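Before any comments, here is the structure.
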Amino acid sequence: MYTQSFNVPDESGQRTVKPIAHTEPPEQMARFDARIDADGRIEPQDWMPEAYRKTLVRQISQHAHSEIVGMLPEGNWISRAPSLKRKAILIAKVQDEGGHGLYLYSAAETLGTSRDQMLDALHTGKAKYSSIFNYPTLNWADVGVIGWLVDGAAIMNQIPLCRCSYGPYSRAMVRVCKEESFHQRQGYEALLVMMKGNQAQKDMVQDAVNRYWWKCLAMFGPPDADSPNSAQGMRWGIKRISNDDLRQKFIDATVPQAKVLGVTLPDPDLKWNEERGHHDYGQIDWDEFWATVNGNGPCNKERLATRVKAHNDGAWVRDAALAHARKQQQRQLKEAA
Ligand SMILES: [Fe+2]
Ligand SMILES: [Fe+2]
């Protein structure tokens with residue numbers, strides 16, 4: 001996972017992308033525009049406008065942070081999984097998310113920002129990550145619902161990113177999307193099993209759906225009318241489908257899945273609109289979304305503290321790896337001499 005459309009400004013960032021300064025060299029700018037217009041890819045060694053580079057660093061690093069913070073709510077359940085099979089699946093999934101973080105930090109590093117800088121921004125609270133991970137996982141059904149709905153929303157958001165104009169990001173997304181598809185299916189399958197169980201199990205699934213549904217819809221980011229960066233992102237081929245269109249696709253795909261599962265989605269306004277050929281749906285609570293994005297959700301402090309502790313506890317591993325690399329290098333230099 002995970003996106004919330006990735007156009008949420010960081011603390012230090014601007015709410016809107018600055019228009020491209022007129023100081024950009026016109027010849028290089030024209031070449032860049034022509035490549036974008038031809039649906040070509042921009043690679044790390046290519047010239048690119050500063051605003052494009054900054055937007056990508058912000059988007060890819062927010063995405064990377066979301067992957068590694070996203071390991072925490074489900075990680076809580078590894079030691080409490082109901083069977084060996086579920087534990088093995090959950091360990092594999094959480095490990096995948098760590099891998100997604102690594103691909104994405106590597107992609108962002110090709111734009112000239114170091115991993116230390118990005119992690120520092122996360123750990124000091126300057127950088128954002130997906131708001132969905134600031135909610136608690138209260139029962140085992142939450143793990144299934146995160147797979148079904150949260151990873152499901154992430155897939156919807158990320159498939160268009162496989163065609164993103166920045167080469168390293170688009171290539172990372174191809175593999176990420178394949179793994180997300182496994183995440184979504186394992187979650188849905190775990191819920192199907194619970195829905196064949198006793199009433200208490202069925203109630204747990206419904207309760208988890210009730211708590212996560214609206215938060216998943218908010219994952220697609222603010223409505224198009226309130227997304228000042230979206231148009232520029234579309235122009236640059238970073239964003240391919242608008243927040244509202246992605247949200248609609250997700251709702252239309254999820255309603256029949258909920259029916260098969262036997263749960264209701266907690267929205268009295270949710271109904272098929274024959275004329276539009278889509279489902280209508282109710283109002284999303286954007287005040288709650290922004291409060292959570294801005295650090296005031298139920299688990300923001302806990303998530304950040306856990307992440308910082310894990311980073312500090314892992315310092316000896318990084319030190320040892322660096323010392324080993326230095327030794328290897330010295331040995332190679334000695335041998336070459
Ligand atoms: Fe992921
Ligand atoms: Fe995932």
Side-chain angles (χ1 to χ4, degrees), residues 1-6 8 58-78 81 86-109 115 118-119 122 127-137 140-164 166 168-191 208-209 212-213 215-221 246 249-250 253-254 257 299 303 306-307 310:
M1 350 176 157
Y2 302 95
T3 68
Q4 52 196 6
S5 89
F6 296 120
V8 176
R58 187 179 64 182
Q59 173 161 337
I60 302 172
S61 62
Q62 280 190 12
H63 193 166
H65 300 331
S66 303
E67 298 285 352
I68 61 169
V69 176
M71 298 168 77
L72 303 176
E74 288 178 293
N76 280 342
W77 280 90
I78 290 175
R86 294 290 168 202
K87 189 193 284 267
I89 292 172
L90 187 56
I91 288 172
K93 180 193 190 280
V94 171
Q95 191 172 323
D96 280 354
E97 306 300 4
H100 297 173
L102 288 180
Y103 311 153
L104 290 161
Y105 284 122
S106 301
E109 281 181 313
R115 192 172 304 197
M118 291 185 270
L119 285 175
L122 173 66
K128 302 297 185 203
Y129 56 86
S130 185
S131 61
I132 194 85
F133 304 118
N134 290 312
Y135 295 96
T137 38
W140 172 250
D142 287 26
V143 172
V145 166
I146 287 177
W148 174 37
L149 296 179
V150 177
D151 288 90
I155 294 169
M156 209 50 105
N157 244 328
Q158 290 174 184
I159 284 186
L161 288 173
C162 297
R163 295 185 292 119
C164 164
Y166 188 57
Y169 193 26
S170 70
R171 289 188 289 273
M173 277 303 108
V174 174
R175 178 159 175 184
V176 167
C177 283
K178 285 184 182 154
E179 291 175 351
E180 295 302 354
S181 162
F182 150 67
H183 299 172
Q184 200 261 357
R185 279 181 289 163
Q186 66 80 34
Y188 192 65
E189 195 266 341
L191 297 177
V209 170
Y212 273 93
W213 174 249
K215 293 159 186 50
C216 289
L217 297 191
M219 276 175 72
F220 293 93
L246 284 169
K249 271 163 82 85
F250 174 73
T254 308
Q257 293 168 2
C299 301
R303 297 285 183 248
T306 308
R307 180 86 261 302

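Ligands are counted one by one from 1 in listed order, and the atoms in each one are counted from 1 as well. All figures in this text were calculated on a predicted structure; none of them were measured in a lab.
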>> Quick check: of its N, O or S atoms, which one does Glu180 have closest to the Fe ion (ligand 1)?
In response: OE2
>> If I consider every N, O or S atom in His100, which one ends up closest to the Fe ion (ligand 1)? I only need its name.
In response: ND1
>> Around atom CD of Glu189, are there more than 12 heavy atoms from other residues, nucleotides or ligands closer than 6.0 Å?
In response: yes
>> Which label fits Phe250 and Phe220: parallel for a plane angle under 30°, tilted from 30 to 60°, or perpendicular past 60°?
In response: tilted
> For the Fe ion (ligand 2), does an N/O/S atom of Asp151 lie at less than 2.8 Å?
Replying inline: yes
> Please state the angle at the Fe ion (ligand 2) spanned by OE2 of Glu97 and ND1 of His183: what is it, rounded to 10 degrees?
Replying inline: 90°
> If we ignore angles and hydrogens, is there a donor and acceptor under 3.5 Å between the side chains of Glu180 and His183?
Replying inline: yes
> With no hydrogens and no angle check, is any side-chain donor or acceptor of Gln186 less than 3.5 Å from a backbone partner on Leu90?
Replying inline: no
